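Reviewing the structure listed below.
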2 protein chains.
Amino acid sequence: MISSVWTREQRPRAGLSQDRIVAAAVELLDADGLEALSMRTLAARMDTKATSLYRHVANKDELIELVVDEAYGEMEVPAEGPWRTSVADAARSLRAVVLRHPWVASVLGQVGLAELGPNLSDRSARLLALFVGAGFPDDEADLAMKTMLGYVVGMTVSEAAYVQLLARSGQSEDELVVRGVTSKALRDKTFEYGLERVLAGLGEGRS
Amino acid sequence: MISSVWTREQRPRAGLSQDRIVAAAVELLDADGLEALSMRTLAARMDTKATSLYRHVANKDELIELVVDEAYGEMEVPAEGPWRTSVADAARSLRAVVLRHPWVASVLGQVGLAELGPNLSDRSARLLALFVGAGFPDDEADLAMKTMLGYVVGMTVSEAAYVQLLARSGQSEDELVVRGVTSKALRDKTFEYGLERVLAGLGEGRS
DNA sequence: GCGTCATGCGAACACTGTACGCAGATCGCG
DNA sequence: CGCGATCTGCGTACAGTGTTCGCATGACGC
């Protein structure tokens with residue numbers, strides 16, 4: 001087919017690119033959850049066809065790794081300040097990211113913190129620096145960080161799974177709360193309690 | 001086709017049942033991981049056809065819930081003893097279960113601790129009793145338990161994801177350790193450090 | 001012995017991830 | 001400008017997925 005001037009610039013196209021694909025995938029995931037993500041539906045959103053995506057992304061698995069790391073990019077780690085509040089803020093930020101993108105929880109067991117993309121490894125480094133700055137000896141700082149991350153991840157994964165279940169059930173959160181299910185406010189309190197206790201425990205053993 | 005005496009009792013059949021299906025699924029999952037589980041392959045192992053399974057299990061999703069709860073059945077919660085050692089033992093037991101069945105981690109974000117089957121809800125109750133027995137006021141016991149579970153789940157999910165990645169990579173663990181990757185012994189130490197710190201933090205705030 | 005009900009299963013459907021090869025666009029170089 | 005090479009989108013196709021429906025065959029109660 002000849003591309004007349006009319007059809008040419010019709011769709012500015014802007015061209016597919018890994019970044020644009022990842023961005024569109026995040027959007028789709030936020031809207032419809034993990035199981036709604038297929039190469040074909042994603043392609044449809046960007047109005048292309050599935051096979052075109054493979055020029056910029058090797059796998060669906062690779063795409064998911066990219067998308068997860070993209071989410072970690074939203075995590076904020078304070079650069080300075082008293083260590084307990086800085087670490088607590090970082091923890092809250094991580095929790096916020098996962099609750100904002102609950103599908104992250106769905107793939108954590110598969111992608112894990114194992115394959116670390118640039119964003120996650122950057123955040124880990126900054127977090128580690130907080131502990132070192134707090135006076136933890138180098139090797140213990142690593143252990144302390146992992147302890148704190150373990151708590152936040154575990155707590156938040158469960159919470160995200162729960163929130164997604166709520167969403168699927170179609171009922172509003174308020175309705176369910178009446179039936180004895182935990183509310184957002186209560187989950188916040190729960191998280192804060194545990195976070196404080198964990199940090200207290202870590203503080204006890206420092207340098 | 002007539003069923004002669006020969007073909008009749010050839011396969012004692014024993015009949016399909018939900019329990020047998022769940023057991024076979026656990027076996028398959030332990031051997032080949034989550035993504036190797038399809039209704040057809042599972043059926044083939046029990047030599048039946050996929051559609052027969054649906055007489056005893058509503059969904060693949062339901063099957064997975066059942067299988068996960070089955071795994072939780074292996075978790076041991078001590079009934080008595082000083083609270084810190086009892087709770088620590090329960091935590092270690094939970095970690096052991098997940099490491100023995102790493103696919104549990106793969107579905108935690110989807111099934112979560114949200115849909116609790118009989119085994120999980122039983123273990124939660126027993127665990128809660130430990131905290132209550134330790135002198136935590138009733139409402140705080142729940143928070144403390146969730147804190148501890150959060151830590152164990154988060155830590156262990158990451159570890160299981162990592163172990164599965166190792167398995168897929170085909171290389172032996174020893175080879176990778178040389179290249180600076182954490183060894184089993186080190187992961188044990190890490191877990192124990194965090195567990196101790198978390199329990200210390202919880203103890204600080206009790207009754 | 002007969003009707004009822006539970007069970008296994010063959011066929012089919014809509015959908016998935018992805019390999020392959022062709023076409024058209026784009027770009028570097030003469 | 002022109003031409004070859006390389007890049008990009010995509011149509012087609014394949015093997016595999018979860019699941020539904022309807023038929024047949026077996027077991028069981030009366």
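Letters go in sequence order (proteins before strands), and every chain restarts at 1. What you see is a predicted model, and the numbers here were worked out from it, not measured in a lab.
Rounded to an integer number of Å, the gap from CD1 of B:Ile21 to P of C:dC9 is 11 Å. The nearest whole Å value for the distance from the CD atom in A:Glu35 to the P atom in D:dT17 is 18 Å. Per the geometry, NZ belonging to B:Lys49 stands 18 Å off P belonging to D:dA24, to the nearest Å. Atoms CG (A:Leu16) and P (C:dT26) sit 15 Å apart, rounded to a whole Å. Residue A:Arg55 contributes atom CZ, which lies 13 Å from atom P of C:dC22 at whole-angstrom precision. Atom pair B:Lys60:NZ and D:dT19:P shows a separation of 8 Å (rounding to whole Å applied). Per the geometry, CG belonging to A:Leu28 stands 11 Å off P belonging to C:dT16, to the nearest Å. Taking atom CG of residue B:Leu53 and atom P of nucleotide D:dT17, one finds them 13 Å apart after rounding to whole Å.
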Throw together a table of side-chain donor-acceptor distances under 3.5 angstrom for residues 50-60 of chain A, partners on residues two or more places apart or in other chains.
residue : atom : partner : partner atom : Å
A:Ser52 : OG   : A:Lys49 : O            : 3.4
A:His56 : NE2  : A:Leu16 : O            : 3.4
A:Lys60 : NZ   : A:Leu37 : O            : 2.8

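Residue pairs meeting the salt bridge (Lys or Arg N to Asp or Glu O under 4.0 Å) criterion with at least one partner in residues 117-134 of chain B, sequence neighbours excluded, are B:Asp122-B:Arg126.
In this view, B:Asp188 and B:Arg95, B:Lys184 satisfy the salt bridge (Lys or Arg N to Asp or Glu O under 4.0 Å) rule, not counting sequence neighbours. For B:Glu62, there are no salt bridge (Lys or Arg N to Asp or Glu O under 4.0 Å) partners, not counting sequence neighbours. Listed by chain and number, the residues in a side-chain hydrogen bond (donor to acceptor under 3.5 Å, both in side chains) with A:Glu74 are A:Arg100, A:His101 (sequence neighbours excluded).
Distances shorter than 4.0 Å separate some side-chain N or O of B:Ser52 from OP1 or OP2 on C:dC9. Contact annotation: A:Asn59 side-chain N/O to C:dG17 OP1/OP2 distance is not under 4.0 Å. Side-chain nitrogen and oxygen atoms of B:His56 include none within less than 4.0 Å of the OP1 or OP2 phosphate oxygen of C:dA6.
B:Asp89 has no carboxylate O lying under 4.0 Å from a charged side-chain N of B:Arg84, or vice versa, which leaves the two without a salt bridge.
Contact annotation: the side chain of A:Met155 never approaches that of B:Val153 to less than 4.5 Å [non-hydrogen atoms, C-beta and beyond].
Of the residues in residues 37-44 of chain A, those lying under 4.0 Å from DNA chain C by heavy-atom distance are A:Leu37, A:Ser38, A:Met39, A:Arg40.
For A:Thr51 against D:dG11, a side-chain-to-base donor-acceptor contact under 3.5 Å is present.
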